[in-house]
Number of protein chains: 2
Amino acid sequence: MTEIIKLQPACSQCNLQELCLPIGLSEAELSLVDSLVDERRKIARGEAIFRSGDRFTAIYAVKLGFFKTEVLSEDGRHQVTSFYMPGEVLGMDGISAETHHCDAIALEDSEVCLIPFHELETISVKVPTMQRHLHRVMSREIVRDQGMMMMLGAMRAEERVIAFLLNLSQRYAARGYAAADFNLRMTREEIGSYLGLKLETVSRTFSHLQEEGLLQVEKKHIRLMDAAILKKMLSQEGIGR
Amino acid sequence: MTEIIKLQPACSQCNLQELCLPIGLSEAELSLVDSLVDERRKIARGEAIFRSGDRFTAIYAVKLGFFKTEVLSEDGRHQVTSFYMPGEVLGMDGISAETHHCDAIALEDSEVCLIPFHELETISVKVPTMQRHLHRVMSREIVRDQGMMMMLGAMRAEERVIAFLLNLSQRYAARGYAAADFNLRMTREEIGSYLGLKLETVSRTFSHLQEEGLLQVEKKHIRLMDAAILKKMLSQEGIGR
DNA sequence: ATGCCAAGTTGATCAAGGTCAACAACCAAG
DNA sequence: CTTGGTTGTTGACCTTGATCAACTTGGCAT
């Protein structure tokens, strides 16, 4: 069950600071941020932070755990649009209409820092660095989505899977985890949905890359045997579809 | 050739105001915006406002004409990520890294209003309404991209084409043009790239929808014969791929 | 243990859409 | 008026990845 704890989140102490906050805030500015982020929330595996249609009030920084966001269309179809790991910020889809447009669901027991958005806007007015940072975070999401569109529109199945794994790898590395050896937090079906493929195709592609000796897969555990070659396969591979 | 004219753009007078600016700015606030947007720029068909790698300095409101943005990956592949019509704002991909990540190219002789971004941030601090609006515009882009990902990942060719046409139709309607009768500004190839399809598939799908009596296509001229049915085809159609 | 369910793998088959090619229509330039 | 280049249409064929189905494994509840 989702549970709310009023633990002083203290951004000023958080080891994710550099990922989630601007670099180079003054002491005074940092303490303003501390006062802003006043609530940490535990989300159990399978629970949602928010769902499509919920009123938008805050954005969320992942403190611990793993999330997916997914959109659903009128007919039953749904699609995973993103995965989020610690230090990443989610919920910005809600700003435009004061309503969320997707579900944000925990893939494992997780914790998020709740950032009330209107207060954030208020503080932005006083701390231009904060405003700049917010704009960058939003813009980064736009750029990321463009890359995603590129992937969905122009890459073949194997390339998508490779791009996905390399992206995960790079994000783990940025957090100080092993770049070539990690556990997937999501199912084959969720990966497939994210990549615009069926789960069988994801599974087959894993197996195939393993036969080639580029990958070792054992259930959710992935080991990249040669990231350099994988990268090359992305940029060289056929002029695509 | 691209040409710069210092014509008083006067947002306060512009008929696109409601699309491009927040509704409900005070007189005083509007005149602040007028002072911000101090340059209008003509872009000839085929020319770029900016290209990938260009330093980011401003965002652009389309005043007149039609644009596409496209990203290109290391290997030659490129993909159209968006089309923009009057009243829409482009260039926000550049904020995150102070560098543009795509090319913005005019599909016909066009005019844009140049909005220096750092000045915009400065004014946002003084005019909270402006800040709110900026955030909404950026967030709307995020939501739009999510819808695009949904389309690319979960829809079949015919559905994508229908969704594309209905989206255009709705945007024309919002601008006071006929919703069911308009001219495409882009080639079949550009549509295909945007939709993750080949130009032949776009062409065939047009022909097919025409045979069904749902569409009339003559070169670039499109007439939607029954938007209601088309909409229904989107939401009902098979549980998809 | 036992049974059940969700998650994953693998194979056989099929269809959507990509590829290749021919051709038509329509400019714009000479 | 002719020529060449761009854009669009249509057909024949082929490839990729979806679909359907059988089977395995592991976790959890009884």
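Sequence lines set the chain letters: A, B, ... in the order given, protein chains first and strands last, and positions in each chain run from 1.
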If you check every side-chain atom of [X], which of [options] has the closest atom?
X	options	answer
B/S207	D/dC20, C/dG18, D/dT9	D/dT9
B/E200	D/dT16, C/dT19, D/dA21	C/dT19
B/L199	D/dT9, C/dT9, C/dA16	D/dT9

Could you check whether any side-chain N or O of A/D226 sits under 3.5 Å from a backbone N or O of A/A228, counting only pairs where one atom can act as donor and the other as acceptor?
yes
Do any N or O atoms from the side chain of B/Q210 and from the backbone of B/V217 form a donor-acceptor pair under 3.5 angstrom?
yes
Can you classify the ring geometry of B/Y60 versus B/H100 as parallel (below 30°), tilted (30 to 60°) or perpendicular (above 60°)?
tilted
Gap between atoms [atom1] and [atom2], on [X] and [N] respectively (whole Å):
X	N	atom1	atom2	value
A/K198	C/dC14	NZ	C1'	15 Å
A/L209	C/dT9	CG	C1'	15 Å
A/F206	C/dG8	CZ	P	9 Å
B/M155	D/dA18	CE	P	17 Å
A/M186	C/dA7	CE	P	14 Å

salt_bridge(A/E190, A/R188) N-O dist < 4.0 Å
no
May I ask you to say whether A/R160 pairs ionically with A/E158, meaning some side-chain N is under 4.0 Å from a carboxylate O?
no
Quiz question: going by heavy-atom distance under 3.5 Å, is there a donor-acceptor pair between the base of D/dG11 and the side chain of B/R204?
yes
Between B/S82 and B/R144, do the side chains contain a donor N or O and an acceptor N or O under 3.5 Å apart?
yes
Look at the side-chain N and O atoms of B/S203 and state whether any lies under 4.0 Å from the OP1 or OP2 oxygen of D/dG8.
no
Under 4.0 Å: is that the gap between some side-chain N or O of B/T201 and OP1 or OP2 of C/dG18?
yes
Taking the six-membered ring for Trp and the full ring for Phe, Tyr or His, determine whether the centres of B/F66 and B/Y84 are under 6.0 Å apart.
no
Under 4.0 Å between any heavy atoms, over every strand shown, what does A/L197 touch: base, sugar-phosphate, or nothing? Just pick one.
sugar-phosphate
Atom pairs under 3.5 Å: protein N/O with N/O of nucleotides 5-7 of chain D:
none

